[in-house]
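Notes for the one structure printed next.
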Amino acid sequence: MRSEHTSDPVFRETFTLLVETARDQHSTYVAPVLDAGLQRATLWVAVARPAGPTLAELVNGLGPLPVEALRPLALALAQGLADLHATGRAHGSLRPDGVLVSPHCALIADPGFERAVTEPEYSAPPVFAPPEGGPSPAADVFAWAATLCFAASGVEGPRGLDRVPFQFRGLVDACLKIDPNLRPAATDLVHMLGGPYAPDPWPPAVREVATRSEETMRRLLYVAPPAAASPAPRRRRTVALVAGGAALTLVAAGAVWALGPRAAPGTADPDADRAATGLITEAGCLEGTGFPDPPGEIDDLDAMDVAFSPDGDLLAVTSNTHGLTLWDWREGVEIARPTEHVYKTGDPVFAPVGCMVAVVLPKEVESRASDIGSVSTYDIPSGETVERPEPPTPAGESEYSGRTARFSPDGTRLAIARGGNISLIGDEATVGLVDLSTNEITGAWGTEPVTDAGFTDDGRFLTLGPAGVTVWDSGTGEALHTERRSSSTFLAAVPGHDQYVHVDRGVVTWWDFGRRAVVGSFELTSYIGTANTYLTHVTLDPERERVHVGWAIRHPDEDVWNDPEISDRKSTNHGHLWDLETGEDLMADEGEHHLARPLALHPDGGVIAAIDQDGSVNLVDADTLEILHPLL
């Protein structure tokens, strides 16, 4: 803060309140507070600074924005203001210098601290301030309109109104009214712009500039760690990022390291990886199997879920009719059927090394199969089956309680998470971490049921539950932080990155939890979200930056749904294949339904194993989405 404020008790009290309320607000379109020193002699606050140019830098360097960039800009800023106003605060200094343009969206650079930190000579040009002066929601709306005028014209303030495209001019003009009572509220702006929803992607020219700027800033910020064998001191590179010449952005050491590239899973010595996996046999999936030959041929797969082995040679297919079946998918030959019973879809997942698959099975309770899941692994080359342990079953566990199993990227551990309704007692937990070499639980944590989970790297594990997405330190079991609540039952962790994909109220969001920023989002326009509609899966293709989302409408008649004598499908499945780069739904114009149900991506990325509406499995070209051949 400016030095003249350090001994002003009124300012200190006001600023402390500003910071505390800002910590409570979470908006995708407002840079969040990271930390603050509110008891120091000199007050300070640290705010995230997503990489990318300011709106002022973008327009001053390249000229006015194209019309297709104005709507996403207008909607993002309107939603940011609406989020701020919902917490009872006004921003008070919105202007082009305080708008950041990331490759994925625009956002307000701070929650309204500018007037407290900026020297008077750097204050916002008066053309962006309303005639009545002072911070207020109505003043923010005026500043929003003036900023849009600048973006469309390159002229500061409302003087550029005549260059605003006709489709926005009436709305912008209404926000520039002299009487603040005649201006719409920020929430009104959001609805008038068709929101609330994730703004459309930037047009290619804007995104290219923002991406280049982001890459440049990241190269400047990243400092490689010193080599262990070299004790000599290094000269440090110091980078000062100045937004509009006014606010100096300080980057803490921890944040700088977080920007550095991580080792991708599986890049370590493969022999060391395999040696550490204990019970995982070092052999290819088609080098022979220790399981007996399948008991008979299959005419109707009735598939529920699919998964490729890490070498890409084997396809696991789970079915309520046939259990777990393993296929040489190129030849269309079933090589083994390790179990004839799975819990619900079975949720098959392969270890990243060797040829071991984990499957959720019905749990035996009092000599009968209950509706509670358990996890077993099958090592295909050796034929060894191992029931994996989990923390003690809670006394209050529901009779409907599934399991989620996920291997760590190095293949040494297996995380098992509980779902359903549970009531924990004492030291009980919902997540257990199993050491595969000893088959013992080495860590247990969590108090909420888990609907989906995944590792981003060997050190961090994500769980999705009632409170939202929680990021855990998988070594200590410490909850690092919990992201926003989610209506989703599925998430997809992005390997090697601080990112995941989930669905919330009909919007698919690719979220960077390290930067607390949206990488991209896509609206499921046809997703109804009623009691009869439910998600079936979220599958990620990180190489192509695509996300496959499936949902279904169950038969509205509960008697039909619960009648075991009715063998016909009781749900209608729908699928979307969202391309992050273009923002397209690649299945929007498809009349076919071969990508409407759960699918698996081949490790090489060129082939998709997709379950059709009738439960058959097709091998599909990942680029053209055409069926290459059926599995059978």
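Please read these numbers as outputs of a predicted model, since none were measured by experiment.
- Aromatic pair Y500/W510: ring centres not closer than 6.0 Å.
- Rounding to the nearest 0.5 Å gives a distance of 7.5 Å between CG of L326 and SG of C355.
- The two residues P449 and G419 come nearest to each other via the heavy atoms CB-C, 4.0 Å.
- By the 4.0 Å N-to-carboxylate-O rule, D305 lies too far from K344 to be salt-bridged with it.
- Residues meeting the side chain to side chain donor-acceptor pair (under 3.5 Å) test with H481, sequence neighbours left out: E483.
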N/O donor-acceptor pairs under 3.5 Å from side chains in residues 466-476, not counting sequence neighbours:
from, atom 1, to, atom 2, distance (Å)
T470, OG1, T482, OG1, 3.1
W472, NE1, T463, OG1, 2.9
D473, OD1, G475, N, 2.8
D473, OD1, T476, N, 3.2
S474, OG, D458, O, 2.8
S474, OG, G459, O, 3.3
T476, OG1, E478, N, 3.2

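- Between E581 and R544 there is no salt bridge, since no side-chain nitrogen of the basic residue lies less than 4.0 Å from a carboxylate oxygen of the acidic one.
- A side-chain donor-acceptor contact under 3.5 Å links T318 to the backbone of T345.
- Between the side chain of T456 and the backbone N or O of V494, no donor-acceptor pair lies under 3.5 Å.
- A ring-centre distance under 6.0 Å is not found for W202 and H104.
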Worksheet item: So N618 and L631, side chain to side chain contact (heavy atoms under 4.5 Å, CB included) or not? Walk me through it.
Response: CA-CA 6 Å; N618 295 310; L631 179 61; over 6 Å; no

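- For D585 (side chain) and W578 (main-chain N/O), no donor-acceptor pair under 3.5 Å exists by modelled atom type.
- Taking all atoms of both residues into account, the shortest heavy-atom contact from A31 to A109 is CB-O, 3.3 Å.
- Looking only at side-chain heavy atoms (C-beta outward), L107 and P50 come within less than 4.5 Å of each other.
- Residues F350 and A316 come closest through the heavy atom pair CE1-CB, 3.7 Å.
- A heavy-atom distance below 4.5 Å is not found between the side chains of V375 and V434.
- Across all their heavy atoms, V431 and A417 have their closest contact at CG2-CB, 4.0 Å.
- Taking the side chain to side chain donor-acceptor pair (under 3.5 Å) definition, one finds that E584 meets it with T582, sequence neighbours left out.
- Of all heavy-atom pairs between I416 and P389, the closest is CD1-O, 3.5 Å.
- Note that OG1 of T539 and CG of L599 are 5.0 Å apart. Values are rounded to the nearest 0.5 Å.
- Panel note: side chain W329, backbone G312; a donor-acceptor pair is recorded below 3.5 Å.
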Item to complete: Apply side chain to side chain contact (heavy atoms under 4.5 Å, CB included) to T447 and T430, showing your working.
Response: CA-CA 6 Å; T447 59; T430 52; 5.9 Å; no

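- Pairing each heavy atom of T536 with each of A552, the nearest pair is CG2-CB, 4.0 Å.
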Worksheet item: Checking side chain to side chain contact (heavy atoms under 4.5 Å, CB included) for the pair L301/W327: CA distance, chi angles, key distance, verdict?
Response: CA-CA 12 Å; L301 264 177; W327 298 78; 3.6 Å; yes

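- A heavy-atom distance below 4.5 Å is found between the side chains of T385 and F291.
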Output side-chain donor-acceptor pairs under 3.5 Å for residues 603-611, partner residues at least two apart or in another chain, one line each.
none

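- Rounded to the nearest 0.5 angstrom, L324 CG and Y378 OH are separated by 6.5 Å.
- Using a 4.5 Å cut-off on side-chain heavy atoms (C-beta onward), T509 and V501 make no contact.
- Residues F522 and L580 form no side-chain contact, since every pair of their non-hydrogen atoms from C-beta on lies 4.5 Å or further apart.
- In this structure, the side chains of N439 and V386 come closer than 4.5 Å at one or more pairs of heavy atoms.
- We find the CG-OG1 distance between D379 and T281 to be 3.5 Å, quoted to the nearest 0.5 Å.
- Of the inter-residue distances, the one linking E340 atom CD with S319 atom OG reads 10.5 Å to the nearest 0.5 angstrom.
- Side chains of H576 and W551: a donor on one and an acceptor on the other come within 3.5 Å.
- By the side chain to side chain donor-acceptor pair (under 3.5 Å) test, D347 is found to be paired with R406, residues two or more places apart in sequence or in another chain being considered.
- Here the OG1-CZ distance, from T404 to R418, works out to 12.0 Å after rounding to the nearest 0.5 Å.
- The shortest side-chain heavy-atom distance between V538 and L540 does not fall under the 4.5 Å cut-off.
- A search for side chain to side chain donor-acceptor pair (under 3.5 Å) contacts involving H548 returns H537, not counting sequence neighbours.
- Remark: the T377 side chain and the R388 side chain contain an N/O donor-acceptor pair separated by less than 3.5 Å.
- Side-chain atoms of L464 and V450, non-hydrogen and from C-beta on, never get closer than 4.5 Å to each other.
- Put simply, the side chain of R546 gets close to the backbone of A622: a donor and an acceptor are under 3.5 Å apart.
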Discussion item. Test side chain to side chain contact (heavy atoms under 4.5 Å, CB included) on D328 and L315; report intermediate values, then the result.
Written reply: CA-CA 7 Å; D328 178 342; L315 180 67; over 6 Å; no

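- The backbone N or O of T451 lies less than 3.5 Å from no partner atom in the side chain of T489, so there is not a single donor-acceptor pair.
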